[in-house]
There are 2 protein chains.
Amino acid sequence: MGKGEQTRQTILDEAFSLASCIGVGGLSIGVLADRTHMSKSGLFAHFGSKEELQLAVLRESQQRFAEVVVRPALRLPRGLGRLRAIVVNWLDWTKTCNLPGGCVINAAAAEFDDQPGPLRDEVRNALLALNRTLAATVAKAVETGELRADTDIEQFVFELNGIYQATQQRRRLFDDPDADRRALAAFDRLVRDHAVIHAKE
Amino acid sequence: MGKGEQTRQTILDEAFSLASCIGVGGLSIGVLADRTHMSKSGLFAHFGSKEELQLAVLRESQQRFAEVVVRPALRLPRGLGRLRAIVVNWLDWTKTCNLPGGCVINAAAAEFDDQPGPLRDEVRNALLALNRTLAATVAKAVETGELRADTDIEQFVFELNGIYQATQQRRRLFDDPDADRRALAAFDRLVRDHAVIHAKE
DNA sequence: GACACAAACGAACGATCGTTCTATAAAGTG
DNA sequence: CACTTTATAGAACGATCGTTCGTTTGTGTC
């Protein structure tokens, strides 16, 4: 890895954790230059524009998410177990990664949902991809016979999203220590309602 | 109402709908002065600081929310019907009010959950108050015998929050026309799982 | 060591930020 | 009407914003 790539990654690391606290929109070249002990222009040259820097942070976030949340779960056999692993990794990934201020993309979703442009598009695509991954995982749990065949997969994913958002808010704004427990309770109820009915003994 | 109160309200109206699009943190005195055809200093004098302006917007938002979402539902008899009315009003309130860019407080929750200060406190208190209102409404549906006595009310409210957040994201970022239908489906499932079991005919 | 190239710097640009000051216009009151 | 208070305007402040430019430093290659 050349010198350029190296410092670019250093900048991106710092920008990533900074964006977690103040949002992708709140990033500023000057502050970032201070934190990385660089000059504004030196840092700027690596990206060409602020928007390009912000996009790079969003892409970095997607990549880490795939590595930390999705990939480990793919080693489990398809079905409910894998789905549950993804959900657990998902809920925990702000702790796993260096995300002191919560998921960057999720915050960006609320920030840019009204402002058309490349940033909104990137966030939208990232979350669409996540939803597709979740849908595919749920579909496999239907195939294995653990979830009912008439399960509305899109609805299932919709509710998974709700669980995540509620958990984040409870944790971050209310400092609620029960947030994780509540999230798992909601997940269990969701699964129970769609599980195949076993013959009673 | 004196002249001062009057223009202050005009400013607040504009700030309210502007904040809906770009967030409370994105408000700027200059832009707001242009939109209200005032000078920066003239506008500024009404609030004394930018933070005070932002707080005023958050309070304005709380007030409108109470009027549009909660109060109409209080005219219904306590119980599930009232709860459902609040949920429906809640889901629709960004359309009812002048909120082209979504709920101001909800966006502010994601924006300030990492930045201690009066703004975060205000947001936190507003959402705590909402959660208390929801909890009280759910509790009354337990009292009327529509929901089971062993209902975990905090969990119920937690999941209501999730439904709201998921709906907002689906609507605003994905332009999903089915968001409302999905929200009601999730609400119905939530209620069904906590409803008292009626004797089958 | 000479050379080509990439990387980082420092200074400056115009714009906008929140804020302060002083002065003028309007509104409210007797 | 006159008088006091309130409301608004205008100019300017220092700070920061993203960006551009020219220069210097560093790296890697013949």
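In this text the structure is predicted, and so the values were computed from the model without any measurement. Sequence lines set the chain letters: A, B, ... in the order given, protein chains first and strands last, and positions in each chain run from 1. Every heavy atom of this structure was used, including side-chain atoms; hydrogens, water molecules and symmetry mates were not.
The stretch residues 18-30 of chain A does not touch DNA chain C, since none of its heavy atoms comes less than 4.0 Å from the strand.
Sorted by first then second residue, the salt bridge (charged side-chain N to carboxylate O under 4.0 Å, His left out) pairs that include residues 162-177 of chain A, not counting sequence neighbours, are Arg170(A)-Asp176(A), Arg170(A)-Glu154(B), Arg171(A)-Asp180(A), Arg172(A)-Asp113(B), Arg172(A)-Asp114(B), Asp175(A)-Arg120(B), Asp175(A)-Arg124(B). Listed by first and then second residue, the ring pair (Phe, Tyr, Trp, His ring centres under 6.0 Å) pairs that reach into residues 126-160 of chain A are Phe156(A)-His194(A), sequence neighbours excluded. Within the structure, ring pair (Phe, Tyr, Trp, His ring centres under 6.0 Å) contacts touching residues 112-143 of chain B (residues at least two apart or in different chains) do not occur. Identified under the side-chain hydrogen bond (donor to acceptor under 3.5 Å, both in side chains) test for residues 42-53 of chain B, with sequence neighbours left out: Thr7(B)-His46(B). Residue pairs meeting the side-chain hydrogen bond (donor to acceptor under 3.5 Å, both in side chains) criterion with at least one partner in residues 68-80 of chain B, sequence neighbours excluded, are Arg78(B)-Glu143(B). Judged as a ring pair (Phe, Tyr, Trp, His ring centres under 6.0 Å), not a single pair has a partner in residues 14-39 of chain B (not counting sequence neighbours).
Here His46(B) reaches the OP1 or OP2 of dT8(D): one of its side-chain N or O atoms lies under 4.0 Å away. Residue Thr7(A) places at least one side-chain N or O under 4.0 Å from the OP1 or OP2 atom of dA8(C).
At whole-Å resolution of the value, CG in Leu43(A) and P in dT16(D) are 17 Å apart. Look at NZ on Lys50(A): it is 8 Å from P on dT19(D), rounded to the nearest Å. Atom-to-atom, CE of Met38(A) to P of dA8(C) comes out at 5 Å; the value is rounded to the nearest Å. At whole-Å resolution of the value, NE2 in His37(A) and P in dC9(C) are 11 Å apart. Nucleotide dA15(D) holds its P atom 15 Å from the CG atom of Asp34(A), rounded to whole Å. If you measure from atom CD of Gln54(B) to atom C1' of dC17(C), you get 13 Å, rounded to the nearest angstrom. Nucleotide dG18(D) holds its C1' atom 14 Å from the CD atom of Glu52(A), rounded to whole Å.
Looking at Asp152(A) and Arg182(B), a side-chain N of the basic residue comes within less than 4.0 Å of a carboxylate O on the acidic one, giving a salt bridge. The existence of a salt bridge linking Arg189(B) and Glu159(A) is confirmed by a sub-4.0 Å separation between a basic side-chain nitrogen and an acidic carboxylate oxygen.
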Considering only distance and modelled atom types, tabulate donor-acceptor pairs under 3.5 Å from the side chains of residues 80-92 of chain B, sequence neighbours left out.
unit_1	atom_1	unit_2	atom_2	d
Arg82(B)	NE	Leu76(B)	O	3.2
Arg82(B)	NH2	Leu76(B)	O	3.0
Arg84(B)	NH2	Asp188(B)	OD1	2.5
Arg84(B)	NH2	Asp188(B)	OD2	3.4
Asn89(B)	ND2	Val69(B)	O	3.1
Asn89(B)	ND2	Ala85(B)	O	3.3

Footprint string (nucleotides 20-30 of chain D, 5' to 3'): B base within contact, S backbone only, - free, heavy atoms under 4.0 Å: BB---------
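Among the protein residues, Ala45(B) comes within range of the nucleic acid bases, having at least one heavy atom under 4.0 Å from a base atom.
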